[in-house]
Amino acid sequence: MSAISALPVVFHNYPMDRDAVKIILLLTLFNDHSIGMAGGRYSVFPSMAIHKLWGDYFDDMQSLLIEYLTLKPKNEMLGKKIIHESYQQGVYDIKKIKLNEIFLNNHEQYLSNIINNTTSINNLWDMEKVDLHILNTAFQLIPVDTVNAEHKQWGSFIVKQFSSSLLSCDREDRVDYSVRYAFL
C-alpha cells in the first residue's frame with residue numbers, strides 16, 4: 001500500500017521511470033483481492049495514486065483508464081485459462097507473477113499504447129458486456145471534478161448499467177453484494 005501511494009511521486013520526479021510506473025499501476029488495478037471487512041478491493045490503492053496524477057498527466061492517465069477497460073477482461077479470461085490448464089496438468093500452485101508475465105508478453109501492443117499514450121476509445125470493446133466490478137473500478141478512476149466530455153459519457157453509461165442491474169427483478173441479473181456496496 002505504501003509503495004503504491006509513492007508512485008505519483010516517482011512518476012513526477014523520475015520521468016525515465018514513467019513507463020514502468022504506468023505498467024505497475026495497470027497490474028495493481030487488476031488485483032481484485034478484497035481488503036478489510038467493508039468489502040473494498042485492493043484496486044483502491046492504485047486508483048488513489050491515479051487520482052493524484054490526473055491534473056498534471058491527463059494523457060497518461062487517460063490512456064491507462066482506456067486500456068484498463070480493454071485489458072482487465074482479457075486479463076481475467078487469460079487467468080482463468082491458465083489456471084484451468086494448470087489444474088488439468090496437476091499443477092495447483094500458480095504464482096501471480098507467472099500470470100502477469102504471460103499477460104505482459106501476450107499484450108505488448110496494448111502496453112505500448114499505454115506507454116506512448118496512443119490509446120483510443122475506439123479500442124474499447126462493447127462496454128455493455130463488461131462486468132460491473134470492472135466498470136466500478138473504471139468509475140472510481142474518473143476524476144470527480146472532471147470537465148472531460150468522454151468522462152461524463154462514461155460516468156453516465158456506468159451509472160445506467162448499475163441502475164438497470166440494481167433495479168432488475170431478474171434473478172440472473174443479481175449484482176454481487178460487494179460490487180453493489182462498493183458502487184453505492
State, yes or no, whether a side-chain contact exists between [X] and [Y] at a heavy-atom distance under 4.5 Å.
| X | Y | value |
| --- | --- | --- |
| W154 | L135 | no |
| N106 | K74 | no |
| H12 | P8 | no |
| D60 | L53 | no |
| K52 | F11 | no |

Quiz item: What is the minimum heavy-atom distance between I142 and G155, and which atoms define it?
Solution: CD1-N, 4.0 Å
Quiz prompt | Transitive ILVMFWY side-chain link L69 to V159, under 4.5 Å | solution = yes
Quiz item: Does a side-chain N-to-carboxylate-O contact under 4.0 Å join E76 and K72?
Solution: yes
Quiz prompt | Reference residue L111; test side chain to side chain contact (heavy atoms under 4.5 Å, CB included); the match among N105, L104, N116 | solution = L104
Exercise. Determine the sole option in I82, L78, L27 for which the side chain to side chain contact (heavy atoms under 4.5 Å, CB included) test with L99 is passed.
Key: I82
Self-check item: Stepwise side-chain hydrogen bond (donor to acceptor under 3.5 Å, both in side chains) test for S63 and N117
Solution: CA-CA 5 Å; S63 68; N117 296 334; 3.0 Å; yes
Quiz item: How about F58: does its CZ atom have over 12 heavy atoms from other parts shown lying under 6.0 Å from it?
Solution: yes
Self-check item: Expected output: side-chain N148 to main-chain E150 donor-acceptor under 3.5 Å
Solution: yes
Quiz item: Would you say the side-chain atoms of W54 pair up with the backbone N or O of L141, donor to acceptor, closer than 3.5 Å?
Solution: yes
Practice problem: Please determine, by modelled atom types, if H51 and Q140 share a side-chain donor-acceptor pair under 3.5 angstrom. | Solution: no
